[in-house]
Structure formats: C-alpha cells, structure tokens
Amino acid sequence: MKIVVTAGPTREKIDHIRYISNRSSGRMGYALAAAGKKFCPDGETVLISGPVNLPIPDGVRVVPVESAEDMLAAVKAEISNANILIMAAAVADYRPATVFPGKIKKSGDDMVLKLERTPDILFEISQIKKPDQIFVGFAAETEELIGRAIDKMRRKKLDWIAANDIAPADRGFESADNAVTLLGANGERVDFPLMSKGELAEKILARIMSGIKK
Ligand code: C5P
C-alpha cells in the first residue's frame with residue numbers, strides 16, 4: 001500500500017524575497033499522513049508538503065515543495081505506484097506571470113501585479129489515473145458547499161471529495177479542528193461533525209480504505 005498525501009500552502013514567487021501564499025497550516029494533511037502510517041505500518045506514506053511548521057509524522061517520507069509547479073512535479077514523480085492520493089494541500093490558483101529577478105524597488109507609483117493560472121494538479125493527474133487508484137480531493141468553500149464539491153469531484157474525476165465549510169471560525173484553515181462532509185463518486189455521503197483534525201483524518205481514511213477492501 002502506498003499513500004500519497006499533499007499538505008500545506010504553496011508559495012508563488014513575486015521576486016527574490018516576496019511571494020503569494022495562503023493561510024493553510026498543513027495540519028489536515030499531516031494528520032492524514034499520520035493516519036495512513038498508523039493504518040498501514042508496512043506500507044509507504046509520502047507527504048508532499050508546502051512550507052509549514054509542523055513535526056514530521058513518524059515513518060512518513062516528506063517531499064518538501066514550494067510552488068504549485070513543484071508540487072505537480074512531486075505528485076507526478078510519486079503517483080505511478082501509489083494506491084491512494086489525497087490532495088489536502090491549499091494549492092495557489094494564481095501565480096505572478098513573471099518572477100522579478102532580485103528585489104523589486106519601490107517607487108512613488110502604484111504597482112500592478114499580473115497573475116496567471118497555476119496548473120490544476122488533480123485535474124492533470126486525473127488524466128493519467130489508473131482504474132484501481134483512489135483519488136481524494138478537498139473542497140474548501142464558504143458558500144454552496146455541497147454543489148460545488150460535487151462539481152469538483154466530477155471535473156477532477158475523484159473517487160471522494162471532502163467538502164469543507166471554512167466560513168465558521170472554529171474549523172478549517174489554521175484551526176486545530178475541522179468538520180467535513182465526505183462525498184463519494186458512488187453517491188455516498190458521510191457527515192463528520194466538528195472534531196480534532198487527528199480524529200477526523202482517521203475517520204476519513206478508514207472510510208476510504210474500507211471501500212478498497214470490499
Ligand atoms: O478547485 P479547487 O481549488 O477548489 O479544488 C480543490 C482541490 O483541488 C483540493 O484537493 C486541492 O488540493 C486541489 N487543487 C489542485 N491543484 C490546484 C488547485 C487545487 O490539485 N491548482
């Protein structure tokens with residue numbers, strides 16, 4: 001069993017010292033990797049991690065990355081013999097269209113930063129997905145949670161998506177706790193109430209893995 005988990009934010013460079021990023025702490029992905037190792041101690045768990053400040057779970061191999069482009073390359077390098085891919089990372093959707101060499105100097109004028117789309121990692125990887133691989137995504141939304149999550153699951157050819165309402169302050173980004181609705185491509189729906197990310201990770205993974213063993 002090989003489980004690949006992505007976690008944390010990505011950083012998209014503006015110049016040598018500045019970047020665009022987001023508030024992802026990486027906790028959900030790190031908890032999923034720890035759960036993967038706990039459930040499959042003899043298997044391989046790989047954690048492709050953006051820059052975060054968390055201890056590495058025991059027995060987990062970490063591949064550190066910075067940008068969405070780096071994360072795509074790392075996922076591509078790990079995916080061919082993986083059984084499960086869980087994309088818990090908060091991948092930047094946009095990056096600066098050009099990276100300024102050195103440090104941008106300030107001037108009296110306003111500055112316009114042109115952004116371009118980053119690659120959608122799950123969408124790209126879904127093109128080379130093998131029939132027995134299980135792909136899981138997260139949908140962090142502040143409105144129309146379930147409908148948008150189902151759209152993403154279809155567009156990215158996922159087996160499961162964890163719909164994550166990030167509007168309340170007590171869950172999601174930077175929080176120790178989370179609540180998700182796990183939606184399956186087969187129409188299944190499991191509501192997990194607010195709990196620690198560690199507990200939630202184990203419940204999500206147990207549900208996904210019970211499907212494999214059936
Ligand atoms: O479309 P949206 O960004 O909301 O989809 C979220 C899911 O897609 C998450 O699982 C996230 O890790 C993944 N994603 C990705 N590549 C991107 C953006 C998001 O794989 N560029």
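Note that ligands are numbered from 1 as they come in the structure, with each ligand's atoms numbered from 1 the same way. Not measured: the values here are computed from a predicted model. All values below come from the heavy atoms of this structure, side chains included, with hydrogens, waters and symmetry mates left out.
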Original post:
Between Lys197 (side chain) and Gly26 (backbone), is there a donor-acceptor pair under 3.5 Å?
Top reply: no
Subject >> side chain to side chain contact (heavy atoms under 4.5 Å, CB included) between Asn178 and Phe192, worked out >> reply: CA-CA 9 Å; Asn178 205 5; Phe192 294 117; over 6 Å; no
Original post:
Going by the atom numbers of ligand 1, which of them fall below 4.0 Å from some non-hydrogen atom of Thr118?
Top reply: 21 (N)
Original post:
Any Lys/Arg nitrogen of Asp58 or Lys37 sitting under 4.0 Å from an Asp/Glu carboxylate oxygen of the other?
Top reply: no
**OP:** Please step through side chain to side chain contact (heavy atoms under 4.5 Å, CB included) for the pair Ile56 and Leu47, ending with a clear verdict.
**Re:** CA-CA 9 Å; Ile56 296 169; Leu47 179 56; 5.7 Å; no
Original post:
Got the closest protein heavy atom to atom 6 (C) of ligand 1, with its distance?
Top reply: Phe138 O, 2.9 Å
Original post:
If you count the atoms of ligand 1 from 1 in the order shown, which ones are under 4.0 Å from a heavy atom of Gly137?
Top reply: 10 (O)
Original post:
For ligand 1, does Asp120 get within less than 4.0 Å through its side chain, its backbone, both, or neither, judged by non-hydrogen atoms?
Top reply: both
**OP:** Quick one: look at Pro119 and ligand 1, take heavy-atom pairs under 4.0 Å, and tell me if it's side chain, backbone, both or neither.
**Re:** backbone
Original post:
Is any N or O atom of Ala139, backbone or side chain, closer than 3.5 Å to an N or O atom of ligand 1?
Top reply: no
**OP:** Would you check if Pro119 and Arg95 make a side-chain contact, meaning some heavy-atom pair closer than 4.5 Å?
**Re:** yes
**OP:** Only one of Lys130, Lys2, Glu44 passes side chain to side chain contact (heavy atoms under 4.5 Å, CB included) with Asn83; say which it is.
**Re:** Lys2
Original post:
With side chains defined as the heavy atoms from C-beta onward, is the minimum distance between Met111 and Lys106 less than 4.5 Å?
Top reply: no
**OP:** Let me see the working for Tyr19 and Ser67 under side chain to side chain donor-acceptor pair (under 3.5 Å), right down to the final yes or no.
**Re:** CA-CA 10 Å; Tyr19 55 79; Ser67 65; over 6 Å; no
Subject >> Polar proximity ligand 1 side, Ala89 side, N/O cut 3.5 Å exclusive >> reply: yes
Subject >> Among Glu141, Lys156, Met87, Glu69, closest by any non-hydrogen atom to atom 8 (O) of ligand 1 >> reply: Lys156
**OP:** Heavy-atom distances under 4.0 Å are what count here, so tell me which part of Thr6 touches ligand 1: side chain, backbone, both or neither.
**Re:** neither
Original post:
Does ligand 1 have any atom that is closer than 4.0 Å to a heavy atom of Ala68?
Top reply: no
Original post:
In terms of atom number and element, which parts of ligand 1 are under 4.0 angstrom from non-hydrogen atoms of Lys152?
Top reply: 1 (O), 2 (P), 4 (O), 5 (O)
Original post:
Considering only heavy atoms, which of Val91, Ile125, Thr10 lies nearest to atom 18 (C) of ligand 1?
Top reply: Val91
**OP:** Please indicate whether any nitrogen or oxygen in Ile121 is less than 3.5 Å from any nitrogen or oxygen in ligand 1.
**Re:** yes
**OP:** Going by heavy-atom distance to atom 13 (C) of ligand 1, choose the closest among Leu85, Leu72, Leu122.
**Re:** Leu122
Original post:
For ligand 1, which atoms sit closer than 4.0 Å to a heavy atom of Asp93?
Top reply: 3 (O), 18 (C)
Original post:
Between Val180 and Met153, is there a shared hydrophobic cluster once you connect ILVMFWY residues whose side-chain heavy atoms come closer than 4.5 Å?
Top reply: no
**OP:** Determine whether Met87 and Phe135 make a side-chain contact, defined as any pair of heavy atoms from C-beta on separated by less than 4.5 Å.
**Re:** no
